[in-house]
There are 2 protein chains.
Amino acid sequence: MLTNSEENYIKEIYSLEQKHQTDVNTNLLAEKIETKASSVTDMLKKLAKKDLLIYQKYKGAKLNTKGEKVALAVVRKHRLWETFLVEKLNFSWDEVHEIAEQLEHIQSEKLTNELDAFLNFPKVDPHGDPIPDVNGNFATIKTVCLSKLNIDDEGVFVEVKDDSDKFLKYLTKNNITIGAKIKVVDKEDFDNSIKIEIDKKQFNISENVIKNLYLKI
Amino acid sequence: MLTNSEENYIKEIYSLEQKHQTDVNTNLLAEKIETKASSVTDMLKKLAKKDLLIYQKYKGAKLNTKGEKVALAVVRKHRLWETFLVEKLNFSWDEVHEIAEQLEHIQSEKLTNELDAFLNFPKVDPHGDPIPDVNGNFATIKTVCLSKLNIDDEGVFVEVKDDSDKFLKYLTKNNITIGAKIKVVDKEDFDNSIKIEIDKKQFNISENVIKNLYLKI
DNA sequence: ATAAATTTTTAGATAAGTCTAAATTAAAAA
DNA sequence: TTTTTAATTTAGACTTATCTAAAAATTTAT
Ligand SMILES: [Mn+2]
Ligand SMILES: [Mn+2]
Ligand SMILES: [Mn+2]
Ligand SMILES: [Mn+2]
């Protein structure tokens, strides 16, 4: 049995491993968890002792098979609950993250699996992130970052990488919602901003926005 | 913001106050929370300092208005989640208590109220216990303990006072489920057991069972 | 290759919640 | 009304998760 804190660390380590494809280092993890580096060191030692990850002093940490399984189980719960909140309880995609942070720690395999069935085994959550199935498997839909597109390219917006409510509210305000067809109208080299078209309306978005939007082309 | 532990104490104090109509004493509370009396004393001091109850050394504790409000909010969540698990996720009434013990601590008023609406504002949980509404009000259905009935009296089983899975499984096995029509066929004075009839089948139940069954007559 | 800067770890402290054992107070029995 | 028993509180310790400040190791720059 793991504590909420342990589960949060493991989930974040998993996420950073996926993103950077390297061992996770202390400072970055501290920043993500919103804690201090010294606390991270303590926790990494503890998780290593519990045989959930490999930890080498000054070198960083890497989940082992057991740790990865835990991470996928927590991610599965997080995304199923987010889906539940949006699909069944009238939440918008910018309101669910914080609550799912709590719900992801509820311990009951039956609950998770019944919830999955109740939602008709959804493949992605409200942010387009894939939901691992009961065995930890998930389909990796091939998506392309909007920054990779050229002028006149278009695609369907299917996944957002920044889950913060601020960012999601900005997207909603500008009609950039999952499923929207986006076309690149113009690109500005000096600041990497681009002009896009959605539903025949055109507007500019900055590099910071672009890098968090993923499309199916 | 209260911790899970604080909420558990407050909920249990509320429940004992309702049952015994007196200040709650340390040892009983310790037994219910499954902890030691010394831990209870520490917690009572803390909750008194947080202005959630009145605590007098050696005299016991009593929730104030603020504490009662917290208790009702936790009870509301507990019973709504139990209802959700049974109504929507195919759980049986003996499987939900432990999970609701966790879910009752999720912090989000919107979640609680949306869940309430999603379930069509249920009045009672799967054990027949009343669910407080958003303002903490609940209908007190007038029920009578089975032990109060005489031979040939009958009523509808609407509430069970012992929520343990062992007891609930026993009831299920004997067709004693919420809504069942129960008739008292015979009473034994020497051990206070009785013979009841449900669906034309008769069988004996002991005093320990009887005192936890409440009927509408 | 050495010095400076950065990252990471260690040492020691704190708060919450729990425990055991001892002391104190209250209640029951003699 | 003493004495005995039971209930409750206090004292001191432990665990988990966190922090600050200082030390150590690693990386980067000169
Ligand atoms: Mn979390
Ligand atoms: Mn998500
Ligand atoms: Mn609980
Ligand atoms: Mn119940």
Side-chain angles (χ1 to χ4, degrees), chain A residues 1-13 16-17 19-63 67 70-71 74 101-102 104-107, chain B residues 1-13 16-17 19-63 67 70-71 74 101-102 104-107:
Chain A
M1 264 287 298
L2 302 175
T3 64
N4 286 12
S5 189
E6 288 169 334
E7 287 191 342
N8 285 336
Y9 272 90
I10 289 173
K11 188 178 59 147
E12 196 56 54
I13 293 166
L16 290 174
E17 275 180 9
K19 191 169 175 192
H20 297 104
Q21 304 288 347
T22 64
D23 287 13
V24 175
N25 53 297
T26 307
N27 271 353
L28 183 56
L29 192 49
E31 191 189 315
K32 291 285 180 184
I33 304 269
E34 296 184 70
T35 185
K36 302 292 167 175
S38 56
S39 305
V40 170
T41 301
D42 286 347
M43 184 58 92
L44 291 181
K45 281 185 195 165
K46 189 164 64 131
L47 294 176
K49 202 170 178 181
K50 285 198 176 189
D51 193 31
L52 291 157
L53 51 76
I54 308 294
Y55 165 65
Q56 289 176 288
K57 262 194 192 180
Y58 296 101
K59 293 273 184 71
K62 184 174 151 58
L63 295 180
V70 170
V74 178
E101 272 305 313
Q102 301 175 58
E104 72 190 359
H105 304 293
I106 302 293
Q107 311 270 262
Chain B
M1 263 285 300
L2 301 175
T3 65
N4 287 11
S5 189
E6 289 168 335
E7 288 191 341
N8 286 336
Y9 273 90
I10 289 172
K11 189 180 56 147
E12 196 57 54
I13 293 166
L16 290 174
E17 274 179 9
K19 191 170 175 192
H20 297 105
Q21 305 287 346
T22 62
D23 288 13
V24 175
N25 54 297
T26 307
N27 270 354
L28 183 56
L29 191 47
E31 191 189 316
K32 291 286 180 185
I33 304 268
E34 294 184 73
T35 185
K36 301 293 166 176
S38 55
S39 305
V40 171
T41 302
D42 286 347
M43 183 59 91
L44 291 181
K45 281 184 195 165
K46 188 163 64 128
L47 294 175
K49 202 172 181 181
K50 285 197 175 189
D51 193 29
L52 290 157
L53 50 76
I54 308 295
Y55 166 64
Q56 288 175 288
K57 264 193 189 179
Y58 295 100
K59 294 273 184 69
K62 184 175 152 58
L63 295 180
V70 170
V74 177
E101 272 304 314
Q102 301 175 58
E104 72 190 0
H105 304 294
I106 302 293
Q107 310 270 266

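No hydrogens, no waters, no symmetry mates; every other heavy atom, side chains included, goes into these values. To find a chain, count down the sequence lines: A is the first, B the second, and so on, and within it residues start at 1.
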Using only side-chain N and O atoms of [X], determine if any of them is under 4.0 Å from OP1 or OP2 of [N].
{"X": "S39(A)", "N": "dT18(D)", "result": "no"}
{"X": "K36(B)", "N": "dA21(C)", "result": "no"}
{"X": "K59(A)", "N": "dT8(C)", "result": "no"}
{"X": "Y55(A)", "N": "dT8(C)", "result": "no"}
{"X": "S38(A)", "N": "dT9(C)", "result": "no"}
{"X": "T35(B)", "N": "dC19(C)", "result": "yes"}
{"X": "Y9(B)", "N": "dT18(C)", "result": "yes"}
{"X": "N27(A)", "N": "dT6(C)", "result": "no"}
{"X": "K57(B)", "N": "dT10(D)", "result": "yes"}
{"X": "S5(B)", "N": "dT18(C)", "result": "yes"}

Value in whole Å for how far the [atom2] atom of [N] lies from [atom1] of [X]:
{"X": "E31(A)", "N": "dT7(C)", "atom1": "CD", "atom2": "P", "answer": "11 Å"}
{"X": "N4(A)", "N": "dT18(D)", "atom1": "CG", "atom2": "C1'", "answer": "15 Å"}
{"X": "L29(A)", "N": "dT7(C)", "atom1": "CG", "atom2": "P", "answer": "15 Å"}
{"X": "D42(B)", "N": "dA15(C)", "atom1": "CG", "atom2": "C1'", "answer": "13 Å"}
{"X": "N8(B)", "N": "dA16(C)", "atom1": "CG", "atom2": "C1'", "answer": "15 Å"}
{"X": "E6(B)", "N": "dA16(C)", "atom1": "CD", "atom2": "C1'", "answer": "9 Å"}
{"X": "L2(A)", "N": "dT16(D)", "atom1": "CG", "atom2": "P", "answer": "13 Å"}
{"X": "K45(B)", "N": "dA16(C)", "atom1": "NZ", "atom2": "P", "answer": "14 Å"}

Revision key, fill the gap. Taking for M43(A) and for Y58(B) the nucleotide of DNA chain D with the nearest heavy atom, the one nearer the 5' end belongs to Y58(B)
Check your understanding: Of L44(B) and E34(A), whose closest DNA chain D nucleotide lies nearer the 5' terminus?
Key -> L44(B)
Practice item. State whether the side chain of E7(B) and the backbone N or O of L2(B) hold a donor-acceptor pair below 3.5 Å, judged by distance alone. Key: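 No; judged by distance alone, with no hydrogens or angles, the pair does not exist.
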Practice item. Considering non-hydrogen atoms only, spot the tightest contact between L28(B) and L16(B) and give its length. Key: CD2-CD2, 3.9 Å
Check your understanding: Contact class for T26(A) vs. all strands (heavy atom < 4.0 Å): base, sugar-phosphate, or nothing?
Key -> sugar-phosphate
Practice item. With heavy atoms under 4.0 Å as the rule, sort N25(A) into base, sugar-phosphate or nothing. Key: sugar-phosphate
Review point. Do the side chains of Y9(B) and T35(B) get nearer than 4.5 Å, heavy atoms only?
Key: yes
Review point. What nucleotide, of dT9(C), dT16(D), dT10(D), holds the atom closest to the side chain of A37(A)?
Key: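 Ranking dT9(C), dT16(D), dT10(D) by closest atom to the A37(A) side chain puts dT9(C) first.
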Check your understanding: Is a donor-acceptor contact shorter than 3.5 angstrom present between the side chain of T3(A) and the base of dT16(D)?
Key ->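 It does not, because no donor-acceptor pair links the side chain of T3(A) to the base of dT16(D) below 3.5 Å.
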Review point. Crowded around K50(B) NZ? As in, over 12 foreign heavy atoms under 6.0 Å?
Key: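 For K50(B), atom NZ is crowded (more than 12 foreign heavy atoms under 6.0 Å).
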Point to revise | Crowding at CD, Q107(B) (>12 non-hydrogen neighbours, <6.0 Å) | key: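 Yes - once you tally the heavy atoms of other residues, nucleotides and ligands closer than 6.0 Å, there are more than 12.
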Practice item. Quickly, which of T41(B), L47(B), V40(B) forms a side chain to side chain contact (heavy atoms under 4.5 Å, CB included) with M43(B)? Name it, please. Key: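 Only one of T41(B), L47(B), V40(B) forms a side chain to side chain contact (heavy atoms under 4.5 Å, CB included) with M43(B), namely L47(B).
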